[in-house]
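This report refers to the structure that appears directly beneath it.
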Amino acid sequence: MIEHFFEIESEDKSCRARTGVIHLPHGDVHTPVFMPVGTKGTVKAVDKDSLDEIGFEIILANTYHMYLRPGADLVQEAGGLHGFTKWNKNFLTDSGGFQVFSLSALRKIKEEGVTFRSDIDGSKHLFTPENVVQTQVKLNSDIQMQLDVCTEYGVDKKQAEKDLRITSDWAVRAHKEWLLHKEQGYKGAFFPIVQGNFFEDLRKQSAEFVASLDTPGIAIGGLSVGEPAEEFNSMLSYTAALLPKEKLLYVMGIGTPQYILQAVEYGVDMFDCVQPTRIARHGLYFTHHGMLSIKQKRFEHDFSPVDSQCDCKVCRTYSRAYLRHIFREQEILSSMLASYHNLYFLHRFVKEIRESIVQGRYLQYKENFLQQFQSNAV
């Protein structure tokens, strides 16, 4: 375990919400934290200076995509992800497991690892727990994830048990490989992943197992994979309560205000999602009154900002009428401005969450935010 990796600074007495600080090689990260996703080494339509201007302290990059192109050796030659991208704050890299299972129609899971074909050129590759750690070391990840088996929502228990057994075995092997690199000077942290699909006994078994590895943080996987919201909430609450309180908790793949608020209530510290920039490219903006689709004709003569409660440079500068115009004309600037606004909105939102926890009024903040966000769709 890494000493002084995560410090809890304040806790809300009404629930499990807490604030803290993660001490990482490229600077401290304040939690709860939302991480923008820079899948291929870049957050789509947003440059590194804009991310820094907004205030982000950590972003995510994807091991699968960086491994296939440009290749981990080239990234290492450039000085890791930080040298290659010139983003000098922290990177979390996922293992690439989700992409292997979701993007590759031709894949085969064995005890050794998973063979798959590239979605770029069809070439055949093998991911093992060990070489995925090695790849992330080359990327110089500040936090790296184990290779796991991603199970779909609705699989039967027999399949979930098999996938969990493989994931647990891979966690042991990956942790051992990470320790070897740590002894050689690698400074990044390693997180195992809780799986078990939507079976409570399997979740409990997995939570107890990953806790025994004594890593500085733990990821909760297998959620936000198409299940109803009530099942997401129930299983997240159940799983988070099983894990050691002093560990940093990370839930992968959530980025809507509703899901973030639930996760924070259950004691989750980190989350990421592609949604803010993905929906931006379709002309959708987060606002305090719900989602706004800028393509609507009713905004043609609307010279007000997207969100009057937002002080980002997009809302300070541009009107709904102009943003509608550049979206309809398919201007690149449309994706850039919408992505900036959505990321700014979420960053400020999470900052307000931290403030409400410090003040001991998190559940009140949550209720007030959701009442405004859900009941007044733009």
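Because only heavy atoms are used, hydrogens play no part in the values below, and waters and symmetry mates are left out as well, while side chains stay in. What you are looking at is a predicted structure, and each value in this text was computed from that prediction instead of being measured.
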Check your understanding: Strictly by modelled atom types, are Gln99 and Asn62 linked by a side-chain donor-acceptor pair under 3.5 Å?
Key -> yes
Check your understanding: Of the non-hydrogen atoms in Val100 and Arg107, which two are nearest, and what is the gap between them?
Key -> O-CD, 3.6 Å
Check your understanding: Are more than 12 heavy atoms from other residues, nucleotides or ligands located less than 6.0 Å from atom CD of Glu352?
Key -> yes
**Study point:** Under 3.5 Å donor-acceptor, Asn90 side chain and His26 backbone
**Key:** yes
Practice item. State whether a side-chain donor-acceptor pair under 3.5 Å links Glu57 with His30. Key: yes
Point to revise | Steps toward side chain to side chain contact (heavy atoms under 4.5 Å, CB included) verdict (Leu248, Phe5) | key: CA-CA 9 Å; Leu248 181 75; Phe5 175 82; 3.9 Å; yes
Review point. Taking Ser293 for the side chain and Gln296 for the main chain, is one N or O donor matched with an acceptor at less than 3.5 Å?
Key: no
Practice item. Spell out, as yes or no, whether a donor-acceptor pair under 3.5 Å connects the side chain of Thr215 to the backbone of Gly217. Key: yes
Practice item. Would you check if the distance from the ring center of Phe34 to the ring center of Phe349 is below 6.0 Å? Key: no
Review point. Counting only heavy atoms not in Arg361, do more than 12 sit closer than 6.0 Å to its CZ atom?
Key: yes
Point to revise | Residue pair Thr151 / Gln195, side-chain heavy-atom distance below 4.5 Å | key: yes
Review point. Between Leu346 and Ile260, does a side chain to side chain contact (heavy atoms under 4.5 Å, CB included) hold up when you go through it step by step?
Key: CA-CA 10 Å; Leu346 281 185; Ile260 288 173; 4.3 Å; yes
**Study point:** Phe199-Ile220 co-clustered via ILVMFWY side chain contacts under 4.5 Å
**Key:** no
Point to revise | Within the 6.0 Å centroid threshold, strictly below: His181 and Trp178 | key: no
Exercise for review: Establish, from distance only, whether the side-chain atoms of Tyr259 and Gln275 form a donor-acceptor pair under 3.5 Å.
Suggested key: no
Point to revise | Non-hydrogen atoms of Pro257 and Phe286 that approach each other most closely | key: CD-CE2, 3.7 Å
Check your understanding: Looking only at heavy atoms, what is the nearest atom pair of Arg203 and Gly196, with distance?
Key -> NE-C, 4.1 Å
Point to revise | Pair Asn233, Tyr266: side-chain N/O donor-acceptor within cut-off below 3.5 Å | key: no
Check your understanding: Do any N or O atoms from the side chain of Arg320 and from the backbone of Pro305 form a donor-acceptor pair under 3.5 angstrom?
Key -> yes
Check your understanding: Would you say Val137 and Gln184 make side-chain contact, with heavy atoms under 4.5 Å?
Key -> no
**Study point:** Residues Lys204, Glu208: salt bridge by 4.0 Å N-O rule
**Key:** yes
Exercise for review: For the pair Asp169 and Arg173, find out whether any cationic side-chain nitrogen is under 4.0 Å from an anionic carboxylate oxygen.
Suggested key: yes
Review point. Can Phe98 be reached from Ile143 by stepping across I, L, V, M, F, W or Y side chains whose heavy atoms are under 4.5 Å apart?
Key: no
Review point. Just by distance, do the side chain of Gln309 and the backbone of Asp307 share a donor-acceptor pair under 3.5 Å?
Key: no
Review point. When you look at CD of Glu230, are more than 12 heavy atoms from neighbouring residues, nucleotides or ligands closer to it than 6.0 Å?
Key: yes
Practice item. Would you check if Trp170 and Thr128 make a side-chain contact, meaning some heavy-atom pair closer than 4.5 Å? Key: no
Review point. Taking Arg354 for the side chain and Pro32 for the main chain, is one N or O donor matched with an acceptor at less than 3.5 Å?
Key: yes
Practice item. Would you mind checking if Asp52 and Lys86 are paired as a salt bridge, meaning a charged N to carboxylate O distance below 4.0 Å? Key: no
Check your understanding: Quick one: does His23's side chain get under 4.5 Å of Asp28's, heavy atoms only?
Key -> yes
Point to revise | Glu367 atom CD: more than 12 heavy-atom contacts under 6.0 Å | key: no
Practice item. Starting from the C-alpha separation in whole Å, work towards a yes-or-no answer on side chain to side chain contact (heavy atoms under 4.5 Å, CB included) for Ile218 and Val194. Key: CA-CA 7 Å; Ile218 293 170; Val194 177; 3.7 Å; yes
Point to revise | Matching residue for His175 among Phe209, Phe190, Phe191 - test: ring-ring contact (aromatic ring centres under 6.0 Å, His included) | key: Phe190
Point to revise | Connected via hydrophobic side-chain network under 4.5 Å: Val21 and Leu92 | key: no
Point to revise | Check: Asp311/Tyr344 side-chain N/O donor and acceptor closer than 3.5 Å | key: yes
Check your understanding: Checking Lys89 against Phe56: charged group under 6.0 Å from the ring centre and within 45 degrees of the axis?
Key -> no
Review point. Would the number of heavy atoms belonging to other residues, nucleotides or ligands and lying under 6.0 Å from CD of Glu161 be above 12?
Key: yes
**Study point:** Other residues, nucleotides, ligands: >12 heavy atoms within 6.0 Å of Ile120 CD1
**Key:** yes
Practice item. Locate the shortest heavy-atom distance separating Leu147 from Pro129; write the atom from each residue and the value. Key: CD2-N, 3.9 Å
Point to revise | Residue pair Lys157, Asp201: steps toward the salt bridge (Lys or Arg N to Asp or Glu O under 4.0 Å) verdict | key: CA-CA 10 Å; Lys157 190 169 186 179; Asp201 58 332; 2.5 Å; yes
Review point. Does Leu249 offer a backbone N or O that forms a donor-acceptor pair with the side chain of Asp269 under 3.5 Å?
Key: yes
Exercise for review: Starting from the C-alpha separation in whole Å, work towards a yes-or-no answer on side chain to side chain contact (heavy atoms under 4.5 Å, CB included) for Met270 and Val29.
Suggested key: CA-CA 10 Å; Met270 303 178 73; Val29 175; 5.7 Å; no
Check your understanding: Is Glu77 atom CD crowded by more than 12 heavy atoms from other residues, nucleotides or ligands, each under 6.0 Å away?
Key -> no
Check your understanding: Can a salt bridge be assigned to the pair Lys247 and Asp214 using a cut-off of 4.0 Å between side-chain N and carboxylate O?
Key -> yes
Exercise for review: Check whether any side-chain heavy atom of Gln144 lies under 4.5 Å from a side-chain heavy atom of Val133, and answer yes or no.
Suggested key: yes
Review point. For Leu337 and Ile326, which heavy atoms make the closest approach, and how far apart are they?
Key: CD1-CD1, 4.0 Å
Study note, to complete from the structure: Residues Ser335 and Ala280: closest non-hydrogen pair is O-CB, 4.4 Å
Point to revise | Pair Glu53-Tyr340, side-chain donor/acceptor within less than 3.5 Å | key: yes
Exercise for review: Anything under 30° is parallel, anything over 60° is perpendicular, the rest tilted; go ahead and classify His125 against Tyr67.
Suggested key: perpendicular
Exercise for review: Verify whether one side chain among Gln136 and Thr93 offers a donor that lies under 3.5 Å from an acceptor in the other.
Suggested key: yes
Check your understanding: Relative to the ring of Phe345, is the ring of His288 parallel (under 30°), tilted (30 to 60°) or perpendicular (over 60°)?
Key -> perpendicular
**Study point:** Exam field: side chain Tyr186 to backbone Ser141, donor-acceptor pair closer than 3.5 Å
**Key:** yes
Check your understanding: Heavy atoms, side chains only, cut-off 4.5 Å: are Val210 and Leu243 in contact?
Key -> yes
Review point. Looking only at atom types and distance, does a side-chain atom of Arg281 sit under 3.5 Å from a main-chain N or O of Lys44, one as donor and one as acceptor?
Key: no
Point to revise | Met145 vs Ile193 side-chain heavy atoms within contact, under 4.5 Å | key: yes
Check your understanding: Near Lys176 NZ, under 6.0 Å, is it more than 12 heavy atoms from other residues, nucleotides or ligands?
Key -> no
**Study point:** Non-hydrogen side-chain atoms of Pro36 and Val46 separated by less than 4.5 Å
**Key:** no
**Study point:** Check: Gln146 side chain, Ser168 main-chain N or O, donor-acceptor pair, under 3.5 Å
**Key:** no
Review point. Should Arg165 and Glu111 count as an ion pair when the cut-off is N to O under 4.0 Å?
Key: yes
Practice item. For the residue pair Asn342 and Ser339, confirm or rule out a side-chain donor-acceptor distance under 3.5 Å. Key: no
Exercise for review: Indicate whether any N or O donor in one side chain lies under 3.5 Å from an N or O acceptor in the other, for Glu231 and Tyr153.
Suggested key: yes
